[in-house]
Amino acid sequence: MNIIVVGSKEMCLGFKLAGVKETHCNDKIDDMNYFIESLFKREDVGIVVIDTSSFSKINWALKKKIEVTARPSFITVQDFGCEVCGSEEDLNALIKRALGFDLKK
């Protein structure tokens with residue numbers, strides 16, 4: 001299973017330095033909806049790390065598909081320099097999707 005990173009140039013560079021082989025800069029992607037939809041069709045994709053600015057370009061129907069689909073797993077990370085972070089909520093949603101139930105209840 002491969003990890004794919006979608007985000008800013010800085011984020012892609014950082015993940016490449018960490019060893020991720022496939023990164024896609026969001027400024028080079030013309031249609032984010034089409035690109036994300038193509039990732040669902042690939043069998044080799046296990047995890048997609050996407051920044052919040054790229055995630056905001058996706059339409060609501062595709063966001064719902066991301067929420068209910070277990071594979072590939074989408075992990076949203078905050079953009080560089082973001083002052084307001086909702087990462088605890090994102091992490092709770094990721095855990096709930098992976099396990100199938102909410103740990104807090």
Side-chain angles (χ1 to χ4, degrees):
M1 289 291 136
N2 292 334
I3 298 173
I4 295 179
V5 176
V6 180
S8 65
K9 290 179 185 176
E10 295 85 6
M11 182 175 141
C12 289
L13 179 62
F15 275 94
K16 278 185 179 180
L17 290 172
V20 175
K21 294 180 177 124
E22 190 173 350
T23 61
H24 300 277
C25 294
N26 58 6
D27 59 346
K28 295 182 181 177
I29 300 172
D30 295 327
D31 187 5
M32 189 62 70
N33 292 318
Y34 178 76
F35 178 75
I36 297 297
E37 195 68 48
S38 71
L39 294 178
F40 281 104
K41 296 174 185 171
R42 290 179 48 184
E43 292 291 324
D44 64 330
V45 178
I47 298 173
V48 178
V49 180
I50 186 168
D51 65 357
T52 53
S53 66
S54 300
F55 190 74
S56 66
K57 296 177 185 176
I58 300 171
N59 67 28
W60 66 271
L62 196 52
K63 287 180 183 177
K64 281 294 188 187
K65 184 176 180 179
I66 288 170
E67 287 178 9
V68 298
T69 305
R71 188 168 152 229
S73 294
F74 282 78
I75 300 171
T76 309
V77 296
Q78 296 295 325
D79 293 342
F80 180 72
C82 179
E83 294 179 12
V84 179
C85 296
S87 59
E88 182 179 344
E89 295 169 8
D90 294 338
L91 185 60
N92 287 336
L94 179 65
I95 292 170
K96 182 179 177 181
R97 190 170 71 233
L99 296 178
F101 60 91
D102 193 2
L103 289 175
K104 290 188 174 185
K105 291 184 179 183

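These figures come from a predicted structure and were not determined experimentally.
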Could you grab the distance from atom CZ of Arg71 to atom CD1 of Ile47, nearest 0.5 Å is fine?
11.0 Å
For the atom pair NZ (Lys64) and CD1 (Ile58), what is the distance rounded to the nearest 0.5 Å?
14.0 Å
Please answer whether the main-chain N or O of Leu62 pairs with a side-chain N or O of Asn33 as donor and acceptor at a distance below 3.5 Å.
no
To the closest 0.5 Å, what do you measure between CD1 (Ile3) and CG (Asp44)?
12.0 Å
Got Phe35 and Val6 here, is their nearest side-chain heavy-atom distance under 4.5 Å?
yes
Atom pair CG (Asn26) and CZ (Phe55), whose distance is rounded to the nearest 0.5 Å:
14.0 Å
Would a hydrophobic clustering, with Ile, Leu, Val, Met, Phe, Trp and Tyr connected at side-chain separations under 4.5 Å, put Leu13 with Val20?
no
Side-chain touch Val45/Glu22, heavy atoms, less than 4.5 angstrom
no
Is the shortest side-chain heavy-atom distance between His24 and Ile4 below 4.5 Å?
yes
Which atoms form the tightest heavy-atom contact between Phe74 and Pro72, and what is the distance?
CD1-O, 3.5 Å
With rounding to the nearest 0.5 angstrom, report the CE to CZ distance, Met1 to Arg42.
11.0 Å
Lys63 atom NZ, neighbour heavy-atom count above 12 within 6.0 Å
yes
Hey, could you give me the CE/OG distance between Met11 and Ser53, rounded to the nearest 0.5 Å?
8.5 Å
Got a donor-acceptor contact below 3.5 angstrom from the Asp51 side chain to the Ser8 backbone?
yes
Sub-3.5 Å donor-acceptor pair from the side chain of Thr69 to the main-chain atoms of Ile66, do we have one?
no
Just wondering, more than 12 heavy atoms not from Asp30 lying within 6.0 Å of its CG?
no
